[in-house]
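Below is one structure; the comments refer to it alone.
Each chain gets a letter, A, B and so on, in the order its sequence line appears, and its residues count up from 1. All values below were derived from every heavy atom in this structure, side-chain atoms included, with hydrogens, water molecules and symmetry-related copies excluded.
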There are 2 protein chains.
Amino acid sequence: MSRPDTPAPRRRTKATSIDIAHRAGVSQATVSRVLRGSPLVNAETRRRVEEAVRELNYTVDRHASSLRLQRSGTLALLLFEDPTADESHINPFFLSMLGSITRACARAGQDLLVSFQQLSDDWHADYADSRKADGLILLGYGDYLSYRGRLDTLVEQGTRFVRWGAVLPDQPGLSIGCDNFHGGELVGAHLAGLGCRRVAFLGDASSHYPEFLDRYRGCDAALRAVGGAMDPALQVDAQSSEDDGYAAARELLARRDGGGAVAFDAVFAASDLIAIGALRAFEEGGLDVPGDVRMVGFDDIPAARFTHPALTTVAQDTTSAGELLVETLLALVDGQPAQSRMLPAQLVVRRSSGA
Amino acid sequence: MSRPDTPAPRRRTKATSIDIAHRAGVSQATVSRVLRGSPLVNAETRRRVEEAVRELNYTVDRHASSLRLQRSGTLALLLFEDPTADESHINPFFLSMLGSITRACARAGQDLLVSFQQLSDDWHADYADSRKADGLILLGYGDYLSYRGRLDTLVEQGTRFVRWGAVLPDQPGLSIGCDNFHGGELVGAHLAGLGCRRVAFLGDASSHYPEFLDRYRGCDAALRAVGGAMDPALQVDAQSSEDDGYAAARELLARRDGGGAVAFDAVFAASDLIAIGALRAFEEGGLDVPGDVRMVGFDDIPAARFTHPALTTVAQDTTSAGELLVETLLALVDGQPAQSRMLPAQLVVRRSSGA
DNA sequence: CTGAAAGCGCTTACAG
DNA sequence: CTGAAAGCGCTTACAG
């Protein structure tokens, strides 16, 4: 613990490139060159500067650098939430996207600013305009048609952004998304193979929610291949929460038992959270899964392995998704060509479908 | 789609305060005063400036502002991970902390930089020194003794930081944590009340992992109150993953059936993830929970509701935790008094303890 | 290969 | 109440 007799360092005041320059006996410009890896620096000079940098524990001031470069080295992740969502819970699927995006940013040497937004907030102004971030990653459920206009504004303003969601033909900006149609097909084919023909769908299936709609259509296509089809009487709206799923399943039971008298032998829930809510409603209603009804979800959130019975679902590759989102956004920021992309979906069979 | 005949805006070049000044017919300094809410501005002047700001969709450039103010308005969350952890999965408990911290930052008007770190990385340099953030929030499991030295360095350098974890007496910097000892007591009292006297503990219970150690000791204290005690022969190391829990439970079974011949009537898993792994091991081993063994976890992660049987556990108040972490860190950054704090723990009884 | 200088876009003490 | 000016800490074209 004895102090060596080096001059007492002035704490609190961080070293600047000028301090380094003095110490290394060069100009401040040369320090900057070394730090930015310029090739026009003599090897010995470089060595001296690097030594001083190490001794003073110097790091480039990011604000000064960003101001000068007009580039922040930072990406922002805006996670949109349903304003009705429970304060403390975020859809686990997005949480795992957040994890993979964070990792992808780290690998790409980018910092990541994370923010939860209400769809109603004034987000575009905040991030891109103030140059806090070079580009935006947009993530979240929500009514697509209601925020589409915002995307147009973003494009108009020249903001660089990539969206996670349905990959649609005439869409503003770029999107990375799961191949939801094929995911739906996998579900439909799986259920059809098990003899199901009356597949209920829990989830909005309109152009307001294009991801869900694609899942619905994919399932429909697979049923049609065996002479069946989805029945609109078996579709009940639900957005994304467990409670939505619970309510939707109750509604489905009411239709079956009420005047509607519609029968179903399987349920395709548009998300795992919806499926979990539905599972609860069925358990309360005395319906056995998969005995009486087979159940399939979508997303493969961690909890899907632990539901009772364990949930058959469609996994989206969140690791690749995060990488692709970051990669695509950086291409955009660098003015390089970039395009929307769809990622493969994969069926994960567990007990709830009784396969 | 027809363009109104407004002059074609020059895109790409964001407006600066000088543009606003020209438009409002004032000096650039006055624009800055208005934007920072200075009281020394005439009401009419203020109005004109605000109008120009709106018209040009102006936002203050954060880098310039931060450079001048020597303050970034940004906090950084460093999430440490076990280097051995599965790439794609983060402990759900930390994910929910992340959620609450993000919200707390938003409420406090702070931006949040999120980064995953290995305990071995050179993190302190990166964030505080480069002034990317005004302060750090440190989150994560890991061997406390092995990173303690880093905390000392942080303190020495005058870095502002708050740590989530065990609140220890002689600790460098401030910590916010759950009252782990009391959490353990709740578990011990609950199990004792159900007649258990032989409680196994799955988790490291050394000063390397002070949070787990406190949980262990709390449970021990509660058992002692009824004339029992924890038995070191029933403690098996496990860090935090499900696989650790699985392995630890297997080891426990081996001890019971092998030369050790140690009996147990309950298991207290140091985390829910460990409990979930143990549940799997017991199911494979043909042990019924809670019939043969009662099981209690810690954290109340979302999946705890869905395990089979549903997991009795100790909930930590992540919402308050996030708020307190941010609040405390901001006090530190502002040079105001701040202190370490413990948050209450709450027992959540579900089926796995057979209560 | 290196240095002196301009300038990125702000904020605020200073002078009126 | 307002403006002119200095300066936050960098990066890089320019001139040698």
Side-chain angles (χ1 to χ4, degrees), chain A residues 10 12-50 52-53 56-74 111 125 128-134, chain B residues 12-50 52-53 56-74 111 125-126 128-134:
Chain A
R10 264 174 289 118
R12 217 95 327 166
T13 325
K14 313 238 144 117
T16 70
S17 56
I18 296 201
D19 300 328
I20 304 297
H22 285 333
R23 188 164 191 118
V26 296
S27 75
Q28 184 269 335
T30 297
V31 173
S32 186
R33 285 197 190 93
V34 170
L35 269 73
R36 295 204 52 85
S38 162
L40 343 150
V41 183
N42 178 288
E44 164 60 12
T45 307
R46 174 181 302 279
R47 205 198 50 67
R48 285 217 313 283
V49 169
E50 281 166 350
V53 163
L56 297 188
N57 225 292
Y58 169 75
T59 324
V60 173
D61 181 299
R62 283 293 289 268
H63 298 300
S65 176
S66 298
L67 174 59
R68 188 47 240 251
L69 292 170
Q70 298 290 309
R71 241 260 214 183
S72 68
T74 302
D111 285 317
D129 296 358
S130 64
R131 297 183 195 273
K132 283 195 269 193
D134 300 325
Chain B
R12 217 95 329 167
T13 326
K14 311 239 145 118
T16 70
S17 55
I18 297 203
D19 299 328
I20 304 298
H22 285 331
R23 189 165 190 115
V26 296
S27 76
Q28 184 268 336
T30 296
V31 172
S32 186
R33 287 197 189 91
V34 169
L35 266 73
R36 295 203 53 83
S38 161
L40 342 150
V41 182
N42 179 287
E44 164 59 13
T45 308
R46 174 181 302 281
R47 205 200 48 68
R48 284 217 315 282
V49 170
E50 281 167 350
V53 163
L56 295 189
N57 226 292
Y58 170 74
T59 324
V60 173
D61 180 300
R62 282 293 288 269
H63 298 299
S65 177
S66 298
L67 174 59
R68 186 48 238 255
L69 292 170
Q70 297 291 308
R71 243 264 215 181
S72 68
T74 302
D111 283 317
D126 204 30
D129 298 357
S130 63
R131 297 183 194 274
K132 284 194 266 194
D134 300 324

Name the residue closer to the 5' end of DNA chain D, choosing between B:Ala64 and B:Pro39 according to the nucleotide with the nearest heavy atom. B:Pro39
Describe the nucleic acid contact of B:Ser38 in one word from base, sugar-phosphate, nothing, applying a heavy-atom distance below 4.0 Å. nothing
May I ask you to evaluate whether B:Arg36 reaches the phosphate of C:dT12, defined as a side-chain N or O under 4.0 Å from OP1 or OP2? yes
I'd like to know whether A:Thr74 forms a side chain to side chain contact (heavy atoms under 4.5 Å, CB included) with A:Arg62, so could you lay out the CA-CA distance, the side-chain angles of the two residues, the decisive distance to 0.1 Å, and finally the verdict. CA-CA 10 Å; A:Thr74 302; A:Arg62 283 293 289 268; 3.8 Å; yes
Within the pair A:Thr16 and D:dG9, is there a side-chain N or O less than 4.0 Å away from OP1 or OP2? no
D:dC10 phosphate, OP1 or OP2: any side-chain N/O from A:Tyr58 under 4.0 angstrom? yes
Contact class for B:Ser17 vs. all strands (heavy atom < 4.0 Å): base, sugar-phosphate, or nothing? sugar-phosphate
Find the distance B:Arg33:CZ to C:dC14:C1' and express it as a whole number of Å. 10 Å
Let's see if you can work this out: which of C:dC8, D:dC10, D:dT12 has an atom nearest to the side-chain heavy atoms of A:Gln70? C:dC8
So A:Leu40, base contact, sugar-phosphate only, or nothing? Heavy-atom distance under 4.0 Å. base
Compare side-chain N and O positions of B:Ser27 against OP1 and OP2 of D:dG3 and report whether any pair is under 4.0 Å apart. yes
Counting side-chain heavy atoms from CB outward, which of D:dA5, D:dC10, C:dG9 is closest to B:Ala29? D:dA5
Sugar-phosphate, base or nothing in reach of B:Thr30, heavy atoms under 4.0 Å: sugar-phosphate
Please work out if A:Leu67 contacts a base, only the sugar-phosphate, or nothing of the nucleic acid, heavy-atom cut-off 4.0 Å. base
For D:dT11, does either OP1 or OP2 sit under 4.0 Å from a side-chain N or O belonging to A:Ser32? yes
Of the listed nucleotides (C:dT12, D:dC10, C:dC1), which one gets closest to any side-chain atom of A:Asp61? D:dC10
Under 4.0 Å between any heavy atoms, over every strand shown, what does A:Arg62 touch: base, sugar-phosphate, or nothing? Just pick one. nothing
Return whichever of B:Val41 or B:Leu69 has its heavy-atom-nearest nucleotide of DNA chain D closer to the 5' end. B:Val41
